[in-house]
Amino acid sequence: MAAHAKKEPTPAPTATSVTDPNGLGGLSVETVSYGPQQRQQMDVWWTPDGVKRPGVFVIHGGWWSSGDKKYMTEIVRSYADLGYTVFNLNYRLSGDAPWPAQRTDALDAIATARRHAERWAFDPANFVVVGFSAGGHIAAAVGTYGDGMPGLKGVVGLSPIISPLRAYTDGEKSTDAYKRKLRMAAIKLAGGCEPKGKCSRVWASMEVAWHASRKDAPMLTVHSQDEFVPPVQSDLLKQMLGQVGVPVTVITAPGTQHSSPLYREPGVAERVQAWIAERIG
């Protein structure tokens, strides 16, 4: 893990209280830095009542090259309202640093949250990571990093790019503009090189399923049947994690919706929330 993970987080000057529509209030929010770079920040939503609560880490999408935590605010708020301590992450984009910087940032953010668990009423032995699209790839990569992570009870991916190699291959001759864009985004994530020669190692590192081990956390992935990140992306993950006894649930919804719009389709958020509740309460 990067050396800067050992530094204290840099909090905003004051936490911001949030009042809910019912006038009950109770939520606090602050932005903290978990590393020295501008993108190495996260918003923390918690209830300062002294009760240790399960944690939800949220990772935004955007082709690894764009996007921002602010676009996750509505979803983050929904988990805070359910009683979780929620960490909404920004991370270095592929234009800032190639892979594995994005996974390193997620690991550093989690390490920072664990070290300062008392500050945010967070139970570091009980949390999940939820990622959207490219953020789903980062979340799943955290889930298969090493041989399990203490306290990580589950990983959720909404349209996660489980296999950048598959995306690279699918986009080569596709007439789908999004599949072609995803191929180029994966190349950029790898530092601008294609999966051969000296670049084969970084592409191998980007392949989530290749790092499956028996202590990895269970995973839930959700894809639309006809979106540009198809359910087959998760099939290899289900096979590889299944071989070491780790359950993977793949939900396929009709249509073409991707990432956050898919999450907002009828019933999807409820199924994700129920799966999370089964694992962390």
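Residue numbers run from 1 in the order of the sequence given. Computed from a prediction, not measured in an experiment: that's the story for all the values here.
To the nearest 0.5 Å, the span separating NZ on Lys238 from CD1 on Ile162 amounts to 13.0 Å. Distance check: Lys181 NZ to Asp176 CG gives 12.0 Å after rounding to the nearest 0.5 Å. In this structure, Gln41 CD and Asp68 CG are separated by 9.5 Å, a value rounded to the nearest 0.5 Å.
Side-chain contact between Tyr91 and Thr104: absent, with no pair of heavy atoms (C-beta onward) separated by less than 4.5 Å. The shortest side-chain heavy-atom distance between Ser224 and Glu265 does not fall under the 4.5 Å cut-off. Looking at Gln37 and Asp96, their side chains never come closer than 4.5 Å, going by heavy atoms from C-beta outward. Here the side chains of Tyr71 and Ser260 are not in contact, with every heavy-atom distance at 4.5 Å or above. Annotation: side chain of Val155 is not in contact with side chain of Val142 (no heavy-atom distance under 4.5 Å). Residues Val246 and Thr144 form no side-chain contact, since every pair of their non-hydrogen atoms from C-beta on lies 4.5 Å or further apart. In this structure, Phe87 and Ile59 have side chains that are not in contact, with every pair of non-hydrogen atoms separated by 4.5 Å or more. At a threshold of 4.5 Å between non-hydrogen side-chain atoms, the residues Arg183 and Glu172 count as touching.
In this structure, Glu270 places its CD atom where more than 12 heavy-atom neighbours from other residues, nucleotides or ligands lie under 6.0 Å away. No more than 12 heavy atoms of other residues, nucleotides or ligands shown are found within 6.0 angstrom of CD on Glu118. In the displayed structure, Glu74 atom CD is contacted under 6.0 Å by at most 12 heavy atoms of other residues, nucleotides or ligands. Shown here is Arg201, whose CZ atom has no more than 12 heavy atoms of other residues, nucleotides or ligands within 6.0 Å.
Listed for the Asn88 side chain is a donor-acceptor partner under 3.5 Å among the backbone atoms of Lys69. In this structure, Tyr79 contributes its side chain and Phe57 its backbone to no donor-acceptor pair below 3.5 Å.
For His116 and Phe122, the ring centers are positioned 6.0 Å apart or more.
Glu194 approaches Trp203 most closely through the heavy-atom pair C-NE1, 3.5 Å. Closest heavy-atom contact between Val130 and Ile276: CG2-CD1, 3.9 Å. Across all their heavy atoms, Leu152 and Ala217 have their closest contact at O-CB, 3.6 Å. The two residues Asn90 and Tyr34 come nearest to each other via the heavy atoms O-OH, 2.6 Å. Considering every non-hydrogen atom in both Ala212 and Leu241, the closest pair reads CB-CD2, 3.6 Å. The two residues Phe127 and Met149 come nearest to each other via the heavy atoms CZ-SD, 3.7 Å.
Relative ring orientation between Trp99 and His137 is described as tilted, the plane-to-plane angle lying within the 30° to 60° band.
Under the side chain to side chain contact (heavy atoms under 4.5 Å, CB included) criterion, Pro48 pairs with Ser28, Trp46, not counting sequence neighbours. A search for ring-ring contact (aromatic ring centres under 6.0 Å, His included) contacts involving Phe132 returns Tyr263, not counting sequence neighbours. Every residue two or more places apart in sequence or in another chain that forms a side-chain hydrogen bond (donor to acceptor under 3.5 Å, both in side chains) with His258 is listed here: Ser133, Ser159, Glu227.
Residues Lys179 and Asp170 are not paired through a salt bridge, judged by the lack of any N-O separation under 4.0 Å between the basic side chain and the carboxylate.
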- Query: Does the side-chain contact (heavy atoms from CB on, under 4.5 Å) test come out yes or no for His211 and Tyr145, once each step is laid out?
  - Reply: CA-CA 7 Å; His211 304 281; Tyr145 183 72; over 6 Å; no
- Item | Worked verdict on Ser163 versus Gln233 for side chain to side chain donor-acceptor pair (under 3.5 Å) | CA-CA 6 Å; Ser163 172; Gln233 275 273 349; 4.8 Å; no
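A cation-pi arrangement is found for Arg279 relative to Trp275, the charged atom lying closer than 6.0 Å to the ring centre and inside a 45° cone about the ring normal.
For the residue pair Gln40 and Asp105, a side-chain donor N or O sits within less than 3.5 Å of a side-chain acceptor on the partner. For the 3.5 Å distance criterion, the side chains of Ser78 and Asp81 fail to qualify, holding no donor opposite an acceptor.
Using a 4.5 Å cut-off between side-chain heavy atoms of Ile, Leu, Val, Met, Phe, Trp and Tyr, with links allowed through other members, Tyr168 and Val232 fall into different hydrophobic clusters. Residues Leu165 and Phe228 are members of one and the same hydrophobic cluster, defined by side-chain heavy-atom contacts under 4.5 angstrom among Ile, Leu, Val, Met, Phe, Trp and Tyr. A single hydrophobic cluster is seen to contain both Ile280 and Leu82, as judged by linkage of ILVMFWY side chains at heavy-atom distances under 4.5 Å, directly or through other members. In this structure, Val51 is not a member of the same hydrophobic cluster as Val86, with clusters built from ILVMFWY side-chain heavy atoms closer than 4.5 Å.
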